[in-house]
Structure formats: C-alpha cells, structure tokens
Amino acid sequence: MCGICGYISKKSIKLEQLKAMNDTMYHRGPNDSGEEIFDAADGYSVGFAQRRLSILDLSMLGHQPMHSANERVIITYNGEIYNFLELREELKDYPFKSHCDTEVILAAYLKWGISCIDKFQGMFAIALFDRETNELFLVRDRIGKKPLYYWVDGENLVFASELKSIMEYPGFPRTIRKDVIKRYMFQQCVNEPDAIFENVYKVVPGQIVKFVSGKISKWKYWDIAEVYNRKKQEKVGSYEEAKEELKGILKDAVKKRMIADVPLGAFLSGG
C-alpha cells in the first residue's frame, strides 16, 4: 500500500531523522525505501520519503522520491493511477525512463499543471514539490481511500500517510485536542479534516492543499455532493439501459485494476 512522509521547513532536519519518520511505516512498504532532502527558496529545505510496496515496474526505476527529467518537480506518492497507460499515450513527448505510474504523474504535471489531477482515475495521496514556483502540493483522491495528514507549525509543514511519522518529527509537541475526545469516544474516530493532535489535519477527499512561503491555501477539485446533484439532473433511460451501463462501468473499473507486475487477488468481502 506504500507510505509517504516529509516536510517543508526552515528547521535543520538531518537525513537520519527523516529516515526515522519513514521507518515508522515499514509495514506499508517493505520492498524499498527512499529519503531525500534538498534546498528550496526563502530559506526552506524540503524532505521527501517513501516506503514502497512494489506493484508496477518492480525495478529501481520506480524508486521514490522521484524527480522529473528536467529536475524541476519532485514527487513522493502512495496509490495507483488506473488510467496511467492512456495518459502516457497523451504524453509521448516526455522522455520516460520507467514503466510506472509515478513518472506519468510527473509528466502530466509538467504539461497541465496541478489541474492534471482532474485527469487521474485512481486512489492516491500525492506530495509534489515544484522547484520553479517553490510550491508544495498535497493531494488526496476523490473518495479518500489513501490517507494523508499534515501538521502546520508556524511557517513549517510536515505531512505523512500516518500520524506515527509526524509524531517522530523532531519537536512535534504531541498535544492532544481535548475538544475532539468526546467525538472520538462516540464515533471511535476523529472525522476529517480534524485529527487527534493540535494543528494536525487530514487532507479531505478530493482536496488539494498548497503551501508556499509559509502560506497555505486549499480547495476541492472534486466533490461527491456536487457531482451527485449534477448527475441526477441528467436524463435516465430505461431500467435495462441503466443495468447495461452499470455493468460496462464495473467491467471497465475491474479491467483497469488488473494492471500489475505482481500476482493479483480479490477479497470476497470487498473490504
């Protein structure tokens, strides 16, 4: 399932500290791990890390963090883009080195900017840094299958697939939010965008969070309520037509999920 973590900060963080954050998620990705720290503008440094469970392109060409061919964009990513082969056809001018979907995300961003997200069919939690604009983007898939947390500490930001990685970040205060305890006791969870710690949030499904020079902005690129309200205005044919259309959609969805370089299985529970 993979796991990602990292930060953009004016603090001095050592590579061993970033590795310690990453290794809290060993169970999410036992096949490979990568950590990298690089300088950014305005006195910031950026650290990206990933624990990898290899599904597509099992070679080291799929290693993350991954840089674009021109070194402008760096990504660490958890998930799968099911239509990456179709997108790769649209991006033939990009000098691909691997056969994995991660590199397709980089190529798509260089061509279409962050609006490339609209073209992705899949489940994903993406952290992407653009050296040219000094922008860090955190993106979560439409339904929120892949988790993504972030902690804002003044002019610094730390992100991860799991809270354990953020807890390992040097100086993280671990202060519990007392106002959400009642909610946790009742629901056995803390609903997004909140989290159990102060100043820690979840990227909500279908959301993009942008961090640049200490300032955060966020917006929804997809909203299930908006899509539902729009779709219910469309004319529906007969019951038989609806059944055939649904069957076609399901077949296409399953076919896209069958693309892998490892053995596949299906759980009858669908969980």
Single-linkage hydrophobic cluster, 4.5 Å side-chain cutoff, Leu136 and Tyr44 together: yes

Under 3.5 Å: donor-acceptor pair, side chain of Tyr7, backbone of Leu18: no

Connected via hydrophobic side-chain network under 4.5 Å: Val227 and Val204: no

Minimum-distance pair of heavy atoms, taken over all atoms of Arg142 and Asp118: NH2-O, 3.2 Å

Heavy-atom neighbours of Ile224 CD1 exceed 12 at 6.0 Å: no

Check: Phe159 ring centroid to Tyr169 ring centroid under 6.0 Å: no

Polar side-chain atom of Thr76 near backbone of Ala127 as donor-acceptor pair, under 3.5 Å: no

Asn229 side-chain N/O to Ala225 backbone N/O, donor-acceptor pair under 3.5 Å: yes

From CD1 (Ile117) to CG (Leu128), nearest 0.5 Å: 8.0 Å

Taking every non-hydrogen atom, the tightest pair across Met25 and Gly3: CE-C, 3.7 Å

Side-chain heavy-atom pair Phe124, Asn78 within 4.5 angstrom cut-off: no

Flag, side chain of Tyr94 to backbone of Glu103, donor-acceptor distance under 3.5 Å: no

From NE2 (His63) to OG (Ser98), nearest 0.5 Å: 12.5 Å

side-chain hydrogen bond (donor to acceptor under 3.5 Å, both in side chains) pairs, two or more places apart, involving residues 11-23: Lys11-Asp153, Lys19-Asp23, Asn22-Glu35, Asp23-Arg51

Closest non-hydrogen atom pair between Pro205 and Glu192, with its separation: CD-OE2, 3.2 Å

Separation of Arg88 CZ from His99 NE2 (nearest 0.5 Å): 6.0 Å

Validation row: Met167, Arg174 side chains within 4.5 angstrom (heavy atoms): yes

Lys/Arg N to Asp/Glu carboxylate O, Lys111 vs Glu90, below 4.0 Å: no

Minimum side-chain heavy-atom gap Val46-Ile74 below 4.5 Å: no

Side chain proximity check, Phe96 to Val104, heavy atoms < 4.5 angstrom: yes

Nearest atoms (heavy-atom pairs only) where Pro147 meets Ala125: O-CB, 3.7 Å

Glu80 side chain near Lys256 side chain, heavy-atom distance below 4.5 Å: no

Arg140 side-chain N/O to Val203 backbone N/O, donor-acceptor pair under 3.5 Å: yes

Side-chain donor or acceptor of Asp223 paired with backbone N/O of Glu226 under 3.5 Å: yes

Distance, nearest 0.5 Å, that separates CG of Asp93 from CG of Leu91: 6.5 Å

Short side-chain to backbone donor-acceptor contact, Asn83 and Gln121, under 3.5 Å: yes

Single hit among Thr102, Asp141, Asp101 for side-chain contact (heavy atoms from CB on, under 4.5 Å) with Ile81: Asp101

Path from Val152 to Leu163 over hydrophobic side-chain contacts below 4.5 Å: no

Whether over 12 other heavy atoms sit under 6.0 Å from Glu245 CD: no

Nearest heavy-atom neighbours spanning Ala49 and Pro65: N-CG, 4.2 Å

Any Ile126 side-chain heavy atom under 4.5 Å of Phe137 side chain: no

Polar side-chain atom of Arg131 near backbone of Ala40 as donor-acceptor pair, under 3.5 Å: no

Validation row: Ser45, Ile13 side chains within 4.5 angstrom (heavy atoms): no

Distance flag, aromatic centroids of Phe211 and Tyr150, threshold under 6.0 Å: no

Sidechain-backbone polar pair: Asp42 side chain, Val212 backbone, donor-acceptor under 3.5 Å: no

side-chain hydrogen bond (donor to acceptor under 3.5 Å, both in side chains): pairs with one or both residues in residues 196-206, sequence neighbours excluded: none

In one Ile/Leu/Val/Met/Phe/Trp/Tyr side-chain cluster, 4.5 Å: Val200, Val209: no

Tyr221 OH: over 12 foreign heavy atoms closer than 6.0 Å: yes

Lys182/Phe186 under side-chain contact (heavy atoms from CB on, under 4.5 Å): CA gap, chis, key distance, verdict: CA-CA 6 Å; Lys182 287 186 291 185; Phe186 177 67; over 6 Å; no

Note, Met21 side chain near Val158 side chain (heavy atom, < 4.5 Å): yes

Donor-acceptor side-chain pairing of Glu168 and Thr24 below 3.5 angstrom: no

Exam field: side chain Tyr77 to backbone Gly79, donor-acceptor pair closer than 3.5 Å: yes

Aromatic plane relationship, Phe129 with Phe38 - under 30° parallel, 30 to 60° tilted, over 60° perpendicular: tilted

Between CD on residue Glu162 and CG on residue Leu148, distance to nearest 0.5 Å: 11.5 Å

Donor-acceptor pair between Asp130 and Tyr109 side chains, under 3.5 angstrom: yes

Same apolar cluster (I L V M F W Y, side chains within < 4.5 Å links), Leu138/Ile143: no

Reported CD1-to-OG distance for the pair Ile105 and Ser68, which is rounded to 0.5 angstrom: 13.0 Å

